[in-house]
Amino acid sequence: MDIEIRAEAVMEGRDYLALAHFMTYSKNKNSMMLNLLLLLVAVVGVYADFMVNGKMTFITIVAVLAVLVTFLLPEYSARRFVRTDKKFIGHTFRYVFNDNGVNILDAEAGTTALHAWAAILNMYETAGYFFLFLSRQNAVLIPKRCLSAEDLADFREMLRYHLESRYEVRYKEKKAK
């Protein structure tokens with residue numbers, strides 16, 4: 001392919017929140033549907049409990065708390081991480097994309113990592129990010145804001161070439177009016 005793309009981005013709290021939201025709600029295509037089904041079951045359970053018992057029982061309270069934890073805990077954890085993390089937020093990441101893979105340099109931490117194309121499990125593209133998965137739970141995010149329009153087109157071509165079916169677009173582009 002013989003293309004090299006260089007990019008740089010300062011990581012912000014919104015970047016980590018986007019990763020947490022993707023991992024929780026979007027990585028698995030069925031996760032949002034399962035969460036909504038869980039919510040529906042809890043609502044029906046509360047309604048049935050009131051119809052049968054005339055009041056909320058301990059089991060209903062536990063079910064409602066379980067639903068709340070399922071929806072709120074990931075968000076709370078991500079926001080707490082954003083407030084306290086000093087190893088990610090505010091760091092400048094430099095990316096080099098070429099035939100060897102994805103090279104990521106964190107200048108503040110003094111770390112660099114080369115992820116060969118063959119070692120990348122999956123790459124997902126959303127409206128604002130690319131999520132590079134090295135394992136089921138280990139992901140690197142690449143903000144689209146660090147790529148020019150031309151570099152973005154070249155990067156997508158590179159991903160299709162090197163990753164083939166392991167690269168997946170997870171959003172619908174808005175059509176211009």
Side-chain angles (χ1 to χ4, degrees), residues 1-35 70-174:
M1 223 176 150
D2 205 28
I3 297 174
E4 182 169 281
I5 302 167
R6 293 181 176 270
E8 183 176 293
V10 176
M11 289 299 135
E12 302 172 0
R14 66 183 170 135
D15 298 325
Y16 186 79
L17 290 174
L19 176 60
H21 288 154
F22 184 80
M23 295 285 284
T24 304
Y25 304 114
S26 302
K27 184 175 178 230
N28 180 344
K29 288 182 179 181
N30 299 322
S31 62
M32 186 55 81
M33 190 174 4
L34 291 172
N35 285 338
T70 300
F71 280 97
L72 300 177
L73 188 61
E75 184 73 18
Y76 171 76
S77 296
R79 291 190 180 281
R80 194 176 100 234
F81 176 84
V82 167
R83 282 192 309 274
T84 61
D85 181 68
K86 302 298 181 238
K87 296 178 185 169
F88 179 79
I89 310 301
H91 283 218
T92 300
F93 284 80
R94 291 182 180 90
Y95 304 94
V96 178
F97 311 104
N98 57 33
D99 285 339
N100 295 325
V102 178
N103 193 9
I104 303 169
L105 170 71
D106 179 352
E108 284 86 353
T111 61
T112 186
L114 173 62
H115 305 291
W117 293 113
I120 296 172
L121 185 65
N122 292 97
M123 175 80 82
Y124 299 103
E125 180 182 356
T126 65
Y129 298 92
F130 290 94
F131 297 106
L132 181 155
F133 278 83
L134 303 168
S135 68
R136 291 189 63 195
Q137 295 298 319
N138 184 11
V140 173
L141 68 91
I142 302 163
K144 284 186 177 178
R145 68 178 180 272
C146 72
L147 296 162
S148 68
E150 182 181 324
D151 284 346
L152 188 57
D154 288 344
F155 186 52
R156 286 182 179 128
E157 182 181 331
M158 187 181 286
L159 294 175
R160 284 190 285 275
Y161 178 78
H162 288 289
L163 297 177
E164 299 170 343
S165 65
R166 294 177 292 145
Y167 164 59
E168 188 177 327
V169 177
R170 286 285 183 91
Y171 74 104
K172 290 183 175 46
E173 289 197 46
K174 295 177 183 174

Nearest-0.5 Å distance that lies between atom [atom1] in [X] and atom [atom2] in [Y]:
X	Y	atom1	atom2	result
I120	L132	CD1	CG	4.0 Å
L121	R136	CG	CZ	9.0 Å
I3	D151	CD1	CG	9.5 Å
T112	L105	OG1	CG	5.0 Å
L147	I142	CG	CD1	8.0 Å

Could you check if a side-chain atom of [X] sits within less than 4.5 angstrom of a side-chain atom of [Y], using non-hydrogen atoms only?
X	Y	answer
N122	E168	no
E12	R145	yes
F131	R170	no
L159	W117	yes
V169	Y124	no
Y167	H162	no

Q. Can a salt bridge be assigned to the pair R6 and E4 using a cut-off of 4.0 Å between side-chain N and carboxylate O?
A. yes
**Q.** side-chain contact (heavy atoms from CB on, under 4.5 Å) between F93 and T111, worked out
**A.** CA-CA 10 Å; F93 284 80; T111 61; 5.9 Å; no
Using every non-hydrogen atom in the two residues, find where [X] and [Y] come nearest and quote the distance to one decimal.
X	Y	result
L152	K144	CD1-CG, 4.3 Å
D99	D2	OD2-N, 3.0 Å
A139	L19	CB-CD1, 3.9 Å
A107	R94	CB-NH1, 3.2 Å
D15	L141	O-CD2, 3.3 Å
P143	Y129	CA-CD2, 3.6 Å

Q: Applying ring pair (Phe, Tyr, Trp, His ring centres under 6.0 Å), name anything that partners F97, two or more places apart in sequence or on another chain.
A: Y95, F155
